[in-house]
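Following: one structure in structure tokens, then a few remarks.
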Amino acid sequence: MAKKPEKRSWAEPFKIKVVEPIKMLTVKEREKAAKEAGYNTFLLRSEDVYIDLLTDSGTNAMSDNQWAGMMLGDEAYAGSKNFYHLESNIQKYYGMPYFVPTHQGRAAEHMISKILIKPGDYIPGNMYFTTTRLHQELAGGTFVDVIIDEAHIPEAEHPFKGNIDLKKLEKLVKQVGADKIPYISMAGPVNMAGGQPFSMKNLQKVYEFAKKHKIRLWMDATRAVENAYFIKMRERGYKSKTIAEILLEMMSYFEGIWVSAKKDLMVNIGGFLATKDKKVFEEARNMVVVYEGLHTYGGLAGRDMEAMARGIEEMVQFDMIRTRVGQVEYLGNKLLSYGIPIVRPIGGHAVFLDAKKFLSHLPQDEFPAQTLAAEIYIDSGVRSMERGIVSAGRDPKTGKHRYPKLELVRLTLPRRVYTQAHLDVTAESIAAVYERRKSVKGLKMVYEPKYLRFFQGRFKRLK
Ligand code: F0G
């Protein structure tokens, strides 16, 4: 008898118009490539990668409408019409009146850190992000993690693991005084926690707290649309609201945001700082000409700003964000069905393997996540990223390794790039490595750069 479908599926709200061939090396060739790259997936040549899940940053497929916009780039040095299109969309969708374009997110992080932080200040945030914390430290500040405890526990099922723990915030204010806290640095979904969102309710509480203590509230809004999607799906009272409405409500609580446009906006390059505070804006506008370029292009071509402006219109479409997060969920569920330890709940931009559990025989000093990322590449040519002790770096005061509780490998999905079959290949490869996990040897670090060591550090296999 014919079998009836168990459910009605939904599919991507787009079809493929242009393809880019990829090739698969042999295991032997990949062994060699991994060794030459010092067992660091950042140092592999992209040509040697089969399925690239290193990052969702700048790796997105643009739509035909965005590509068409590229041809309408107004490459004037000053006052490009694409700047004004982008400005009006930032005002409309993020609700921020003032904005400064930058070539990517970290340039905006650099500016906001220098503008707001004085040496000796403390910056509380819901878990660190690598470049964000580094810029805060380079400006003389100390980052303080005030995320809820559950965020540090991979298997803790909590719908909003990105929430700020108000008691931790209160404690910091008591310890150092509100005048030593230039701003609260809130991100969502929290990248290093596994792509975990905060709830609107939590944000409202943080907003009230900040107002009471006269502390500014800023957001890393790089993946704010994913956070808005989780609020719609998980939080009471938001089901019938549109993504655009939720994003605007979220933005209403912040004084300003910095954004890497290489994520939500589905472009290959770009970033910006946007704010409601005219004074901060004026300082940023002064700074941008020193580090990036004139304030109406900030290190970008006119065509890049046009692609961003159009990307904003696409990112808030429900079908688009559902597909994006849905793909991540598909991969995560497949891995769970193979019994592979991952961070729960499944996040917004990536599935995070729990390398501590996966390679439980390796101590953290032997870099389990770094090792696992290299092993997965060797198995199938799938490229992932370490998010553990290497990414955490050294404490600037003591010079010692920071030992994060989370030792993870991130499988990050570029937007609109891979098919379900690519995800099946990925999951099966990880299952194969899981089968032979006990035979995997750890690594030792043989080259360590001073800043953001995960990008360029090199490793050797332990015997
Ligand atoms: N903030 C967050 C939350 C990020 O994920 C990133 C980049 C940045 C800021 C910096 O932006 O790269 O445009 O300078 N994340 C990338 C990643 C690199 O792979 O997660 P950028």
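All values below come from the heavy atoms of this structure, side chains included, with hydrogens, waters and symmetry mates left out. Residue numbers run from 1 in the order of the sequence given. Counting convention: from 1, in listed order, for ligands and their atoms alike. Bear in mind that the values here come from a model prediction, so they are computed numbers and not experimental data.
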query: Tell me the salt bridge (Lys or Arg N to Asp or Glu O under 4.0 Å) pairs involving residues 95-119, sequence neighbours left out?
result: Lys118-Asp121
statement: Expected contact list for ligand 1 at under 4.0 angstrom, heavy-atom basis, is Thr55, Ser57, Gln104, Gly105, Arg106, Glu109, Phe129, Thr131, Asn191, Asp220, Thr222, Arg223, Ser260, Lys262, Lys263, Met385, Arg410
Donor-acceptor contact present, side-chain Ser185 to main-chain Gly125, <3.5 Å: no
task: Kindly write out the residues that satisfy salt bridge (Lys or Arg N to Asp or Glu O under 4.0 Å) with Asp52, not counting sequence neighbours, or none if the list is empty.
output: Arg383
Residues that Asn268 engages under side-chain hydrogen bond (donor to acceptor under 3.5 Å, both in side chains), provided they are two or more places apart: none
statement: Test salt bridge (charged side-chain N to carboxylate O under 4.0 Å, His left out), reference Glu155, set Lys357, Arg344, Lys405, output is Lys357
field: Short N-O contact, Glu283 and Lys279, less than 4.0 angstrom
entry: no
